[in-house]
Participant: 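Pasting a structure here, questions to come.
Just so it is clear, the structure is predicted and the values come from calculations on it, not from any experiment.
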Amino acid sequence: MTIAEALALVDLPDSDTPMQDKQLLLCFVLDCSAAFLRTWPDKQLTKEQQRRYNALVQQRKEGKPVAHLIGKRGFWTLDLYVSPATLIPRPDTELLVEYALSLDLPAQARVLDLGTGTGAIALALASERPSWEITASDCVDGAVLLAKKNRDLYGFHNVEIVQSRWFESIAQQKFDLLVSNPPYIDACDPHLEQGDLRYEARSALVAGDEGLAAIEAILMG
């Protein structure tokens with residue numbers, strides 16, 4: 001089987017980006033870039049590479065997120081580790097990063113990221129503003145460990161990761177900017193049983209009071 005045959009062999013009818021999904025999975029198996037796939041479409045896969053690729057494609061057909069299959073997801077200019085303990089970073093959240101960077105803040109601004117998950121927002125800001133002092137918090141053990149792993153991957157010494165349910169462990173501190181992508185979906189929303197959401201942490205998606213509880217907690221904190 002060649003690279004071109006591997007990409008054409010199967011379809012992913014339930015995916016919004018089937019070709020991108022297959023390319024990401026094949027790049028993971030071959031440990032190569034997407035440019036390599038385009039440059040060498042006639043390259044033969046080994047039997048072991050074919051087996052691994054087919055197994056990953058089958059899991060994707062069953063609905064498992066690509067990010068969970070390969071263990072990473074690109075966000076901003078970073079390639080972050082992901083896990084079922086957190087929300088998978090979305091491109092839409094980069095708009096929050098862009099807006100934060102556009103604000104007129106002190107050169108050594110103190111920033112708080114509530115519910116950091118993978119650490120995506122905090123680490124993206126740290127990559128652009130190394131003089132900012134950033135605190136990122138999450139109440140989930142797995143999320144805190146994952147955010148620390150991603151921070152250490154890039155060596156962002158200006159980011160502190162702490163375990164806290166919203167403001168509980170961050171009381172009496174002052175910040176120039178607060179950012180957050182909190183859970184905001186109602187527990188009865190049917191979309192929770194569709195697509196990638198089926199495999200993501202409910203704690204990062206669902207909030208009480210018809211999805212408003214986390215937002216209210218932040219505003220009242």
Participant: State whether the number of non-hydrogen atoms from other residues, nucleotides or ligands found under 6.0 Å of Arg198 atom CZ is greater than 12.
Facilitator: yes

Participant: According to a hydrophobic-cluster definition based on side-chain heavy atoms being under 4.5 Å apart (Ile, Leu, Val, Met, Phe, Trp, Tyr only), do Val82 and Leu56 belong together?
Facilitator: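 No; Leu56 is not reachable from Val82 via cluster members.
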
Participant: Quick check: closest heavy atoms across Pro130 and Asn158, and the distance to 0.1 Å?
Facilitator: O-ND2, 3.4 Å

Participant: Rounded to the nearest 0.5 Å, how far does CZ of Phe167 lie from CG of Leu178?
Facilitator: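 If we round to the nearest 0.5 Å, Leu178:CG and Phe167:CZ are 5.0 Å apart.
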
Participant: Is it the case that one hydrophobic cluster holds both Leu112 and Leu103, taking links as side-chain heavy atoms less than 4.5 Å apart, direct or via other members?
Facilitator: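 Different clusters.
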
Participant: Would the number of heavy atoms belonging to other residues, nucleotides or ligands and lying under 6.0 Å from CD of Glu210 be above 12?
Facilitator: no

Participant: What's the verdict on side-chain contact (heavy atoms from CB on, under 4.5 Å) for Thr116 and Ile121, showing C-alpha distance, side-chain angles and the deciding distance?
Facilitator: CA-CA 7 Å; Thr116 195; Ile121 296 171; 5.8 Å; no

Participant: I need the minimum non-hydrogen distance between Ala147 and Leu123, along with the two atoms involved.
Facilitator: O-CD1, 4.4 Å

Participant: To the nearest 0.5 Å, what is the distance between NE2 (His157) and CG (Asp152)?
Facilitator: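 These two atoms lie 8.5 Å from each other.
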
Participant: Would you indicate whether the side-chain heavy atoms of Arg129 and Ile134 approach each other to under 4.5 Å?
Facilitator: no

Participant: Decide yes or no for Leu205 and Asp189: does some side-chain heavy atom of the first lie under 4.5 Å from some side-chain heavy atom of the second?
Facilitator: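 Answer no - side chains too far apart.
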
Participant: What's the shortest heavy-atom distance between Gln44 and Thr2, and which atoms?
Facilitator: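 Nearest pair, atom of Gln44 first, then Thr2: NE2-CG2, 3.3 Å.
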
Participant: With side chains defined as the heavy atoms from C-beta onward, is the minimum distance between Phe75 and Thr118 less than 4.5 Å?
Facilitator: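 The answer is no; the side chains never approach within 4.5 Å.
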
Participant: In Å and rounded to the nearest 0.5 Å, what is the CG to NZ distance from Leu24 to Lys72?
Facilitator: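 One finds 13.0 Å between CG of Leu24 and NZ of Lys72.
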
Participant: If we only count heavy atoms from C-beta on, is the Trp76 to Pro89 side-chain gap below 4.5 Å?
Facilitator: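 Not touching, per the 4.5 Å side-chain cut-off.
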
Participant: Does Leu87 belong to the same Ile/Leu/Val/Met/Phe/Trp/Tyr cluster as Leu146, with side-chain heavy atoms less than 4.5 Å apart forming each link?
Facilitator: no

Participant: Go through Leu114 and Ile170 one step at a time and tell me if the side-chain contact (heavy atoms from CB on, under 4.5 Å) criterion holds.
Facilitator: CA-CA 10 Å; Leu114 291 172; Ile170 316 173; 4.2 Å; yes

Participant: So, Asp176 side chain and Ala109 main chain: donor-acceptor pair closer than 3.5 Å or not?
Facilitator: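 Pair absent, no side-chain N/O of Asp176 close to backbone of Ala109.
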
Participant: Is a side-chain donor or acceptor of Arg60 paired with a backbone partner of Lys64 at a separation under 3.5 angstrom?
Facilitator: yes

Participant: Rounded to the nearest 0.5 Å, what separates atom CG in Leu37 from atom CD1 in Ile3?
Facilitator: 5.0 Å

Participant: Atom CG in Leu101, atom CH2 in Trp132: separation rounded to 0.5 Å?
Facilitator: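 If we round to the nearest 0.5 Å, Leu101:CG and Trp132:CH2 are 5.5 Å apart.
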
Participant: Can you get from Ile218 to Val179 by hopping between Ile, Leu, Val, Met, Phe, Trp and Tyr side chains that sit under 4.5 Å apart?
Facilitator: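 No.
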
Participant: Salt-bridged, Glu200 to Arg73, with N to O below 4.0 Å?
Facilitator: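 No, this pair does not count.
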
Participant: Which pair of heavy atoms, one from Leu105 and one from Leu177, lies closest together, and at what distance?
Facilitator: CD1-CD2, 3.8 Å

Participant: Mind running side-chain contact (heavy atoms from CB on, under 4.5 Å) on Leu153 and Asp79 for me, showing each step along the way?
Facilitator: CA-CA 10 Å; Leu153 175 66; Asp79 203 18; 6.0 Å; no

Participant: Honestly curious: do Tyr199 and Val66 fall in one hydrophobic cluster under the side-chain, below-4.5 Å linking rule?
Facilitator: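 No, separate clusters.
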
Participant: Counting N and O atoms only, with roles assigned by atom type, does the side chain of Thr86 sit under 3.5 Å from a partner on the main chain of Gly117, one being a donor and the other an acceptor?
Facilitator: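 Checked: no pair found.
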
Participant: Kindly compute the distance separating CG (Leu96) from CG (Leu125), expressed to the nearest 0.5 Å.
Facilitator: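 One gets 8.0 Å once the value is rounded to the nearest 0.5 Å.
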
Participant: So which atom in Ala85 and which in Ala201 form the shortest heavy-atom distance, rounded to 0.1 Å?
Facilitator: O-CB, 3.5 Å

Participant: Counting only heavy atoms from other residues, nucleotides and ligands, does the tally under 6.0 Å from CD of Gln108 exceed 12?
Facilitator: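 It does not: Gln108 CD has 12 such atoms or fewer within range.
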
Participant: Any idea which heavy atoms bring Leu192 and Arg202 closest together, and the distance?
Facilitator: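 Looking at all heavy atoms of both residues, the shortest contact is O-NH2, 3.3 Å.
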
Participant: Would you say the side-chain atoms of Thr39 pair up with the backbone N or O of Phe36, donor to acceptor, closer than 3.5 Å?
Facilitator: no

Participant: Classify the ring geometry between Tyr154 and Phe156 as parallel (under 30°), tilted (30 to 60°) or perpendicular (over 60°).
Facilitator: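 Correct class here is parallel.
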
Participant: So Val57 and Lys61, side-chain contact (heavy atoms from CB on, under 4.5 Å) or not? Walk me through it.
Facilitator: CA-CA 6 Å; Val57 167; Lys61 289 175 71 173; 4.1 Å; yes

